[in-house]
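Worksheet: the structure to be examined is printed underneath.
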Protein chains: 2
Amino acid sequence: MTEGVEWAVHCCVVLSQAVEPVSAAQLAELHGVSKTYLAKHLQQLSRAGLVRSTRGRVGGYELTRAAAKVSLLDIVEAVDGPEPAFRCTEIRQRGPLATPPEKCLKPCGVARAMGAAEQAWRRSLASVSVDDLAGSVVRDNGAGTFDALRGWLAPG
Amino acid sequence: MTEGVEWAVHCCVVLSQAVEPVSAAQLAELHGVSKTYLAKHLQQLSRAGLVRSTRGRVGGYELTRAAAKVSLLDIVEAVDGPEPAFRCTEIRQRGPLATPPEKCLKPCGVARAMGAAEQAWRRSLASVSVDDLAGSVVRDNGAGTFDALRGWLAPG
DNA sequence: GCCACCTTACTCGGATAAGGACTGTCCGAGTCGCTAAGG
DNA sequence: CCTTAGCGACTCGGACAGTCCTTATCCGAGTAAGGTGGC
């Protein structure tokens, strides 16, 4: 899985606690990562419709909907792409004992098993929202964590 | 996910139905893939202890244990490696608002959620055995499929 | 004093290079069966 | 006829290039605020 997924998720958690748009530069400094590369992933989130970007002097990124309505799966699909990790190449239709195409209407057993596993993975990711993650941060680090964050984000 | 995983799984299904060691050349021709590259993945299966390789004139590969005792997860881990797809880089410990190390004894919420999803994925893969896959092939293509396979594998 | 315009500084967005992993290939090490000569 | 040494062919195993994707970076397009000049 792409490392940018981790960055994007943490950024979404931060955005869920911000009251104003947060610039890519702030998010990059806050997490100690490359600004330009993080911007690339934020663009992917923007294309997917998860965040809204505003340009100009006080521009930045903000969530387009409530944090409880943004799931981990949304972010992973936005950054890593929607195509599944396992792609069946239909090798059953190759070689001397190839299965005839008219018998390949449904995916083969291997593809079905892989698809079921990936479905379980997606269901687990879909059950966790950005708001849930923010709650876990509060439980782990204390209620004042996001107050300090908002103080750091405030201009000046 | 690596494409070699698909090859390795299909090879294991074939091996579960063979009565003699099957050479890498036969497996490659049967699936219409590169022989030398497939051999690389078979070596990974051998290192993981899933298959036994015998050299010499009538050498080849065979399963080391019953097909019902070999899960999809075993094969995936043997080929793609045991390390999880998501690796937490601990970005919470970086930047101006870094979490102090003494508060990072347990994984962060993001890593826990990702780990839970991956756990679900592994559990699903572990619940499917090579024997189950062979059964699905019989259900899809008919009971005579593996008879034809054994006939093709027979020397001559 | 008020308004319109312009400059300016700051933001995002897409197009552009470097590194690493997956893909694909080759030749050498090792092993078993066959053959043939000798007892 | 039986034993056994040698030969040969076939197998796996690890070391070696090619190509695509991830990582990382840069500069240009766009926008809003603030200053400035004119009315």
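Just the heavy atoms: all of them, side chains too, but no hydrogens, waters or symmetry mates, feed the values below. Naming: A, B, ... by sequence-line order, numbering from 1 per chain.
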Would you check, one step at a time, whether the test side-chain contact (heavy atoms from CB on, under 4.5 Å) holds for B:Val110 with B:Phe86? CA-CA 10 Å; B:Val110 176; B:Phe86 179 86; 4.1 Å; yes

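Computed from coordinates, the A:Arg52 CZ to C:dG13 P distance equals 12 Å when rounded to whole Å. Atom pair B:Gln43:CD and C:dC27:P shows a separation of 16 Å (rounding to whole Å applied). Put simply, CD on A:Gln44 is 15 Å from P on C:dC12, counting in whole angstrom units. Atom OH in A:Tyr61 sits about 18 Å away from atom P in C:dC10, given to the nearest Å. Spacing between atom CG of B:Leu42 and atom C1' of C:dT25 amounts to 16 Å, rounded to whole angstrom units.
Counting non-hydrogen atoms under 4.0 angstrom, A:Arg47 reaches the backbone sugars and phosphates but no base. Among the protein residues, A:Ala25 comes within range of no part of the nucleic acid, since none of its heavy atoms lies under 4.0 Å from any strand.
A salt bridge between A:Glu77 and A:Arg122 is present, with a side-chain N of the basic residue lying under 4.0 Å from a carboxylate O of the acidic one.
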Let me have a per-nucleotide readout for nucleotides 19-35 of chain D, 5' to 3', with B, S or -, counting only protein heavy atoms under 4.0 Å. ----BBBB-BBBB-S--

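For B:Arg94, the CZ atom is densely surrounded, since the number of other residues' heavy atoms within 6.0 Å is greater than 12.
Hydrophobic clustering, with ILVMFWY side chains joined whenever heavy atoms are under 4.5 angstrom apart, keeps A:Val51 apart from A:Val58.
Contact annotation: A:Ser53 side-chain N/O to C:dG13 OP1/OP2 distance is under 4.0 Å.
Here the options are A:Val9, A:Val130, A:Asp132, the test is side-chain contact (heavy atoms from CB on, under 4.5 Å), and the partner is A:Leu72; only A:Val9 passes.
Within the 4.5 Å cutoff, no side-chain heavy atoms of A:Gln26 are placed close to those of A:Tyr61.
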